[in-house]
Amino acid sequence: MATNITWHDGNVSKEERATLLGQKGLTIWFTGLSASGKSTLATALEQTLLHAKISSYRLDGDNIRFGLNKNLGFGPDDRTENIRRIAEVAKLFADSTSIALTAFISPYRADRDAARKLHQDAGIPFIEVYADAPLDVVESRDPKGLYKKAKAGEIKEFTGISAPYEEPLAPEVHIRTDQLSIEEGVQKIVQYLVAQGLVDQSKLQ
C-alpha cells in the first residue's frame, strides 16, 4: 500500500464545476445476470444522454477486462477487486460532472454496497439499476453462448450457474427486461433521474 502521499485539491470546487458545465456528476450502476440487458440498457441510455448534450461515458464489464482489469480472473477475490477498481474509476468520471454508466454483473451485494459508500462519502449520487430477468430467459438469450458452455463445465465460476448472484435489496430503479423494451427501460431510468433533479428535463425534450 502506498504511503507518504498527500491528496491535492484543485482550485475548482465540485459545485463550481457543475455550474460551469451545466450538469451534475453521478454514477448509474447497472447490475444483473449475464444477458440480462445491462450493457444494452447502458448503451441506449448513453446515446440518449449524449444526444441531449449531457456528458456521459459507459464502462462495460467485458471492455474493462481488455485493459485496466486484464490481470483479473473470475474467482471471488478477483471479482471484488474488479468492482473496487471500477467504482474508483466511475467516481472519477462522476467527480468531473460526467454521468458514469457502469455495466457489470457485480454479483456480490457487499461489493456493490462498497461502491455505493465510496460515492456517498464523496458526495456523489449513486444510482443502482437492477436489470432483472429470470434465469431461463437469460439462458434463452445467451448471445455469447456462455450459459451453454457453463452448463457443459467449460466455464468455471459462472454467475447464475456455478457461482452466486446476490440480487439488490433496494435498487433505485428495477427493470424487468423480459417485460419492458429497451426504450421503455431507458425511459424509466430517465424519469427517475429527472424526478430526483439529477438531470435537466429541458435538455431531454
Could you check whether [X] pairs with [Y] (Lys NZ or Arg NE/NH1/NH2 to Asp/Glu carboxylate O, under 4.0 Å)?
{"X": "Arg79", "Y": "Glu157", "answer": "no"}
{"X": "Lys117", "Y": "Asp121", "answer": "yes"}
{"X": "Glu172", "Y": "Arg116", "answer": "yes"}

In Å, rounded to the nearest 0.5 Å, how long is the span from [atom1] of [X] to [atom2] of [Y]?
{"X": "Ser36", "Y": "Leu135", "atom1": "OG", "atom2": "CG", "result": "11.5 Å"}
{"X": "Thr177", "Y": "Asp132", "atom1": "OG1", "atom2": "CG", "result": "7.0 Å"}
{"X": "Leu198", "Y": "Leu193", "atom1": "CG", "atom2": "CG", "result": "6.0 Å"}
{"X": "Ile124", "Y": "Leu92", "atom1": "CD1", "atom2": "CG", "result": "8.0 Å"}
{"X": "Gln23", "Y": "Arg17", "atom1": "CD", "atom2": "CZ", "result": "11.5 Å"}
{"X": "Arg112", "Y": "Glu167", "atom1": "CZ", "atom2": "CD", "result": "9.0 Å"}

Grab the two heavy atoms, one from [X] and one from [Y], that are nearest each other, plus how far apart they are.
{"X": "Gly61", "Y": "Phe104", "value": "CA-CE2, 3.2 Å"}
{"X": "Ala90", "Y": "Ala100", "value": "O-CB, 3.7 Å"}
{"X": "Leu204", "Y": "Ala52", "value": "CD2-CB, 3.7 Å"}
{"X": "Ile182", "Y": "Ala44", "value": "CG2-CB, 3.7 Å"}
{"X": "Ala42", "Y": "Ala103", "value": "CB-CB, 4.2 Å"}
{"X": "Ala87", "Y": "Ala115", "value": "CB-CB, 3.7 Å"}

Under 3.5 Å, is there a donor-acceptor pair between the side chain of [X] and the main chain of [Y]?
{"X": "Thr31", "Y": "Ile105", "value": "yes"}
{"X": "Lys24", "Y": "Gly197", "value": "yes"}
{"X": "Ser96", "Y": "Phe93", "value": "yes"}
{"X": "Gln120", "Y": "Phe126", "value": "no"}
{"X": "Lys53", "Y": "Leu50", "value": "no"}

With hydrophobic residues grouped by side-chain heavy-atom distances under 4.5 Å, do [X] and [Y] end up in a single group?
{"X": "Ile28", "Y": "Val89", "value": "no"}
{"X": "Leu41", "Y": "Tyr130", "value": "no"}
{"X": "Val138", "Y": "Leu146", "value": "yes"}
{"X": "Leu26", "Y": "Val173", "value": "yes"}
{"X": "Leu101", "Y": "Ile64", "value": "no"}

More than 12 heavy atoms from other groups under 6.0 Å of OH on Tyr108: yes
Glu166, CD: over 12 other non-hydrogen atoms inside 6.0 angstrom: yes
Flag for Ser106-Asp111: side-chain donor and acceptor within less than 3.5 Å: no
Phe74 six-ring face occupied by Arg65 cation (under 6.0 Å, within 45°): yes
Centroid separation Tyr147 to Phe158 less than 6.0 Å: yes
Reference residue Ser39; test side chain to side chain donor-acceptor pair (under 3.5 Å); the match among Asn63, Asp60, Asp62: Asp60
Positive for side chain to side chain contact (heavy atoms under 4.5 Å, CB included) with Lys149, one of Ile161, Asp142, Ile155: Ile155
Side chain to side chain donor-acceptor pair (under 3.5 Å): pairs with one or both residues in residues 84-95, sequence neighbours excluded: Asn69-Arg85, Asn71-Arg85, Glu81-Arg84, Glu81-Arg85
With a 4.5 Å heavy-atom cut-off, do [X] and [Y] have their side chains touching?
{"X": "Pro134", "Y": "Asp178", "answer": "yes"}
{"X": "Ile175", "Y": "Ile189", "answer": "yes"}
{"X": "Leu49", "Y": "Leu45", "answer": "yes"}

